[in-house]
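Being a predicted model, the structure only gives us computed values, none of them experimental.
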Amino acid sequence: MSGWTGVARKRVVVTGATSGIGLAAAEELAMRGARLTIVARDHSKARSLANRLDADVVIADLASKNAVRRAADEILARYSKVDVLINNAGVYLTARQLTSDWIETTWAVNHLAPFLLTNLLLEQLKGSAPARIITTASDAHARATIPFDDLDGTSAYAVRSLAGPGFARYAETKLANVLFTSELGRRLEGTGVTANCFHPGLVASGITRDLKGAARMTVRVMNAFSRSPKQGAETLVWLVDSPDVDGVSGGYFANKKRVEPAAAGRDIDIARRLWEVSVEQTGPSSDRLQEAVGRHVATLR
């Protein structure tokens, strides 16, 4: 479907916009006339940015499924149209943590939150067609597989890497972003809504700020050769605004070009299986299961 006229006066919902790539993209999109809605956890940062960019704010901790649902409800109540959804928020943790839903935090924020938010806003996006969904991925996906037998991340955090503890888990979530995008693209065929993801390049964004020791030194050296957040956001802004990708969906992009993801990111069967598992993990029935698991774990302490 054609007809994309650029981002000016379009309603753009963006997560992770208070720092790094998301902040740089939000600033540029605001300059181009987008009507921004910032979804953020930090109330103070979000309000300060919103005042500066004349944007709206929705406060939500994306580690919580209920918070994601409340954010979606608020967005649906406020706006008759959502033209663009940018799933940019992400975390990089050096040690395994669990959310209030008893889900491993990196998986919850980097994969389940965009999966859930996107699906909750999907009908609104379809009603706003042509519309776009963009998710921040990474070439780290090439060094991962989806751990269907270890979704709580126990094994991943035990993996030693020059990139530091937590990289293996981060890479798994970035592969999930790529697979989610490809499956979403297939499911959206004929709707006028497109879904794409991108690799921003090596960016000194602060996401690895919690690294320590040798891993921290490695990142410091890498940062000397890294892109700025503004440079890292260029492909994101292009995917939001450019008519060049009108009707293009299910793609993985780098440097404003569509490129092939790693073999693991092209596996249709794995993408479909991940979708089914993600539905189970984000559905209402999963809340009751996780609460029961939490109570059981608490009794063992």
Point to revise | Polar side-chain atom of Asp42 near backbone of Ser44 as donor-acceptor pair, under 3.5 Å | key: yes
Check your understanding: With Thr135, which of Asn196, Leu239, Asn177, Thr118 fulfils side-chain contact (heavy atoms from CB on, under 4.5 Å)?
Key -> Asn177
**Study point:** Over-ring placement of Arg187 relative to Trp275, 6.0 Å and 45° cut-offs
**Key:** yes
Review point. Is Glu27 salt-bridged to Arg52, cutoff N-O under 4.0 Å?
Key: yes
Review point. Is it true that a side-chain atom of His141 and a backbone atom of Ala171 form a donor plus acceptor pair closer than 3.5 Å?
Key: no
Point to revise | cation_pi(Arg258, Tyr252) dist<6.0 Å, angle<=45 | key: no
Check your understanding: Are Asp152 and Arg96 ion-paired here, with the side-chain N under 4.0 Å from a carboxylate O?
Key -> yes
Review point. In terms of side-chain heavy atoms, does Lys256 have a donor or acceptor partner in Ser242 at a distance below 3.5 Å?
Key: no
Check your understanding: Can you find a pair of side-chain heavy atoms, one from Arg69 and one from Leu117, that are under 4.5 Å apart?
Key -> no
Check your understanding: Any sub-3.5 Å donor-acceptor pair from Lys126's side-chain atoms to Ala131's backbone N or O?
Key -> no
Practice item. Decide yes or no for Tyr92 and Arg169: does some side-chain heavy atom of the first lie under 4.5 Å from some side-chain heavy atom of the second? Key: no
Point to revise | Between Ser155 and Asp150: side-chain donor-acceptor atoms closer than 3.5 Å | key: yes
Check your understanding: Side chains of Asn88 and Thr136: do they bring a donor and an acceptor to under 3.5 Å?
Key -> yes
Review point. Do Phe198 and Trp238 have ring centroids that are under 6.0 Å from one another?
Key: no
Check your understanding: Any donor and acceptor pair, going by atom type alone, linking the side chain of His199 with main-chain N or O of Asp139 inside 3.5 Å?
Key -> yes
Point to revise | Donor-acceptor contact present, side-chain Arg9 to main-chain Gly33, <3.5 Å | key: no
Check your understanding: Just checking, Arg11 and Tyr79: is the charged tip under 6.0 Å from the six-membered ring centre and within 45° of the axis?
Key -> yes
**Study point:** Presence of salt bridge, Glu74 and Arg78, under 4.0 angstrom
**Key:** yes
Practice item. Apply the test side chain to side chain contact (heavy atoms under 4.5 Å, CB included) to residues Asp246 and Arg132: give CA-CA distance (whole Å), side-chain angles for both, the deciding distance (0.1 Å), then the verdict. Key: CA-CA 9 Å; Asp246 201 8; Arg132 298 182 175 187; 4.1 Å; yes
